[in-house]
Structure formats: C-alpha cells, structure tokens
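Here the structure is laid out as structure tokens; the discussion comes afterwards.
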Number of protein chains: 2
Amino acid sequence: MSTRSKSPPTTAADTPRRAADRIRDTAFDLFYREGIRAIGVEEIVNRAGVTKPSLYRAYESKDELIADYLRDYDERFCRSFEAPAAEHPGDPKGQLLAYLDRLAARASAEGYRGCGLTNAVIEYPDPAHPAHQVAVDSKHALRKRLGEMCRSMGARDADELADSLLLLIEGSYVSGQAFGEGGPARALGVAARKLIDAAL
Amino acid sequence: MSTRSKSPPTTAADTPRRAADRIRDTAFDLFYREGIRAIGVEEIVNRAGVTKPSLYRAYESKDELIADYLRDYDERFCRSFEAPAAEHPGDPKGQLLAYLDRLAARASAEGYRGCGLTNAVIEYPDPAHPAHQVAVDSKHALRKRLGEMCRSMGARDADELADSLLLLIEGSYVSGQAFGEGGPARALGVAARKLIDAAL
DNA sequence: CAGAGTACGTACCGATCGGTAACATTGTCA
DNA sequence: TGACAATGTTACCGATCGGTACGTACTCTG
C-alpha cells in the first residue's frame, strides 16, 4: 500500500498522515458511497481536512483522481476475489463459490452500494472517459479470470458458464442497491451451483 | 424553424409539437444515452429547440423532470415486457423466454445503454431522491411480476427462480454496457432455460 | 544559523449549474 | 376584433463546478 514512510517518525497511522493519502482515502469512500458525479472536489478536500491545491498537487485533474480511485478499487477487488484461493487450494469451484457466498451476503444486506467499477461504467458511458476505460478493463479481466476458473474445473462450455456466472454476479451488484435487505442476491448461491453442476 | 404555421391538431407528428412534449422526448433521449447527472437543463432545452422557461412551465424542477422520465421509461418497459404475452397466450414460460431472448440480443449489441431505471438507482443512491424511489418501485414491481410468472408456470420454488432470473436480467443490463458486442448477455437465454427447467 | 526544498493554506478565477422575472410574440377560438 | 393561452426573448440570480496564482510555515541539510 502507501506506507512508503521514510520520514514520519511519529506514530502517524491513525488520522493525520499526508494530505495526498487522506484525499485518496476520502475520495474512495465518497465516490463509492455517494457516486462519482455527485461528489465535487470541494467536498472531498473538506471532508479530508485539506485544501484544494493539495488535491491538485497530487492529481492533475478530477478525472485523474477518479481513475486512481477505480484502479485502487480494482486492486482491492482482485484481492478479495482471489482471497478464497488460499482456503480452497486446487479447488476452483470451491474458490468461486466462496466468493459468491460472501457476495450474496453483502449484496442482500442493507446499505449495499454494489461494485464501484460497475457503477462507474454507468456513470460514465462515454468510452473515451478514463473512468469508463479503467472500469471496462477490469471487467474484461474478471470475465477472463472467470473463464479460466470454469475451464480448470472442467466445465463443458467454460466460456458460456463463465458468462452466465458473470451475469449473476453483476446482477447481484446492481440489484443489491435496488432491493436492500432480502434482495434477489440471496438466490445467487443456489443459482450458481445449479449452473455449475449442470456444466460439469 | 422551417415549417410554416400550422401547429393545431393537424398531421404534425414529426417535429414541431408542443414545447413540453419536445422537452420530454429530448430529455428521455439524453438522460438515457448520456446519463441523468451528465445532462443539464440547458442542454435539454437547446437540443429540444425551446427555452428554459418553457421547461419550468411544464416541470417545477429538474428532479420532477427526471421522475417523469423514469415513469415514462417504466411505462415503456412494462409494455415491452408484457408484449410477448399476445404471441404466447397462456404460456408464461414462452412469454418470459421471448422477452429474455430479445433482451439478450439487444444487450450484446454495440452501444447498448442498459436499463434506464437500473442506471438511475446507481446514479442516485440516496433513497430519499425521487429518481431513486421511482426506479426502485419499478424494480419491486418487476420482481413481483416475475414471481407471478414463475408461479404460474408451476415452478417448485417460484420466488427463488424469479430472483435468479432477475439477477440474470439485471446482469444483462449492466454487462451489456461494459462489454458491448459479444458480451456475456449472449449466455442469458441458455442460463435462464437451465434454471427454469431445473425448477419445473 | 542560513538557505533550500517541501508541504500546505488563502483567496481567487471563469464556467456552468438549476432556476426565475419581466415582457414580447404568436396562434386559436369566440 | 379581442381575449386568452402558449411560447419565445433576454437578462439575470446565487451556488457550485473544476482549477490555479501566490504566499507561508515547516524541516532537513550544511
């Protein structure tokens, strides 16, 4: 992460930190929870307890900050997606289901805000916008990764199974936001298992 | 512009029309294609060839216009969702699959922009915002309707099947935007058929 | 201690946002 | 003809948008 500290001899690990770090963390939180277009740079710096020039010293534009937020989101997503690998070594089906089950729980709980990358694609439909590009790249990587997992679990039409699962996953992201607690994402686990088992 | 005077209830169904109607049509198009937050009232009236006061004579605020757009969208959606009923009378499964197949085709084509209601939920995560409310109400209605259809086709756990299908549908909406042509929505039809058949 | 460099804040910019007031113009119908 | 409703015209409002010129405080080094 960003603990390249060479100078903070103090125990700065709680609140103070560098301005750029506070901006990044605050932007991450606000962009994710409230939406990117809904949040102005002014609000970010206010909540971060810094000032605008500090933001523009670290990022050359708001779009750059947005792109950085999305790259950060993608990184965290990848970690959380691959995390179950350790618990289920050599068991791609188990790994995938572990992620899916945790997703189902989060997505059918109150206050869920879906996937920041998916949301970004919708907020920025213009393919030329950096936010759109970063988010779409991430989605392509996910699709590919899903295909590999399905292939390595010996599915008949691995790509088709992967796409079906991707639809269920993306569906969970967005319907979690529309339905809140007890939303349709509760069906994610069983549906995925049915599709996987039918393809093995 | 060029059309000489003759605005009464003549055959004018092309361009002139009432200002309020042009505003509504233009807003529909722009909100859907570009996103709601991305479009200002100025751009709407410019493209509609009218002026701002005309907009504010027809709608008391931009939020009102947004809500009206979403109600309009919901109306059209319901029509397109129920349309297959005529072609498949007394066959809920056939009706549902007919809608799904058409959705799969649209959602895996270039330039698809998903569901305006789903997009609105993401653009306006605040449950107090009218846009959020209209969109969420529509989604609840869809979930209910899906449940009825699954029940009337004799599914074992109709609500669970309905939720699974809803995940696939919403997944198609959003991933259509991220992947464009040849996206995962092409798997919608087969996945839905597998889940339905497994539940009958 | 001097000076350099880093890190940050104060105050401001022009543009655009959603929204409005006041008035002129038009076409329709009686 | 004359009244009315609908629309356009122009100019404006305060707030907020993304972005910046410039001054200041700290700290590290010599």
Side-chain angles (χ1 to χ4, degrees), chain A residues 2-12 15-27 30-31 34-69 123-124 126 128-131, chain B residues 1-12 15-27 30-31 34-69 120 123-124 126 128-131:
Chain A
S2 58
T3 40
R4 70 174 79 269
S5 59
K6 52 160 193 249
S7 51
T10 66
T11 62
T15 332
R17 298 168 4 244
R18 308 269 305 273
D21 293 336
R22 308 194 45 168
I23 289 168
R24 199 161 70 132
D25 292 353
T26 307
L30 290 176
F31 281 160
E34 315 264 352
I36 302 174
R37 295 197 111 115
I39 297 296
V41 293
E42 190 105 31
E43 186 161 0
I44 294 172
V45 297
N46 284 347
R47 293 237 211 173
V50 300
T51 57
K52 254 197 274 193
S54 287
L55 193 157
Y56 285 97
R57 267 175 229 121
Y59 302 92
E60 64 171 31
S61 67
K62 188 196 177 185
D63 282 356
E64 255 298 308
L65 174 59
I66 295 170
D68 195 66
Y69 150 62
E123 283 202 89
Y124 293 90
D126 179 6
H129 195 285
Chain B
M1 318 291 182
S2 54
T3 43
R4 270 223 56 96
S5 59
K6 64 134 179 266
S7 46
T10 64
T11 63
T15 332
R17 291 156 22 233
R18 309 263 308 270
D21 294 336
R22 308 195 46 169
I23 290 167
R24 197 161 72 131
D25 293 354
T26 306
L30 290 177
F31 281 161
E34 315 264 353
I36 302 174
R37 295 196 110 116
I39 296 296
V41 293
E42 191 106 29
E43 186 162 359
I44 293 173
V45 298
N46 285 346
R47 294 238 211 173
V50 301
T51 56
K52 250 198 276 193
S54 285
L55 192 157
Y56 285 97
R57 275 175 214 124
Y59 302 92
E60 63 172 30
S61 67
K62 187 195 179 185
D63 281 356
E64 256 296 309
L65 174 59
I66 295 170
D68 195 66
Y69 151 61
E123 283 203 88
Y124 293 90
D126 178 6
H129 195 284

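Quick note on labels: first sequence line is chain A, next is B, and so on, each numbered from 1.
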Is there a side-chain contact between B:S54 and the phosphate of D:dT7, meaning an N or O under 4.0 Å from OP1 or OP2?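 False: B:S54 side-chain N/O out of range (4.0 Å or more) of D:dT7 OP1/OP2.
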
Over all atoms of both residues, closest heavy-atom pair of A:D63 and A:P130: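 Smallest interatomic distance, heavy atoms only, reads CB-CG, 4.1 Å.
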
Other residues, nucleotides, ligands: >12 heavy atoms within 6.0 Å of B:R47 CZ: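 At most 12 heavy atoms, drawn from other residues, nucleotides or ligands, come within 6.0 Å of this atom.
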
Evaluate the side-chain contact (heavy atoms from CB on, under 4.5 Å) criterion for residues B:S54 and B:V45: first the C-alpha distance (whole Å), next the side-chain angles of each, then the deciding distance (0.1 Å), finally the verdict. CA-CA 8 Å; B:S54 285; B:V45 298; over 6 Å; no

Which whole-number value in Å describes the distance from B:L55 CG to D:dT7 C1'?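 Checked: the CG to C1' distance equals 13 Å.
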
Atom CZ of B:R18 to atom C1' of C:dT28: distance rounded to whole Å?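 These atoms are roughly 13 Å apart.
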
Measuring from atom CD1 of A:I39 to atom OG1 of A:T26, what distance do you get when rounded to the nearest 0.5 angstrom?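 Reported to 0.5 Å precision, the distance equals 11.0 Å.
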
Test: A:E123 and B:R37 ion pair at under 4.0 Å: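 The answer is no: the pair does not qualify as a salt bridge.
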
Contact pattern, 5' to 3', of nucleotides 16-27 of chain D - B, S or - by protein heavy atom under 4.0 Å: -SBBBB------

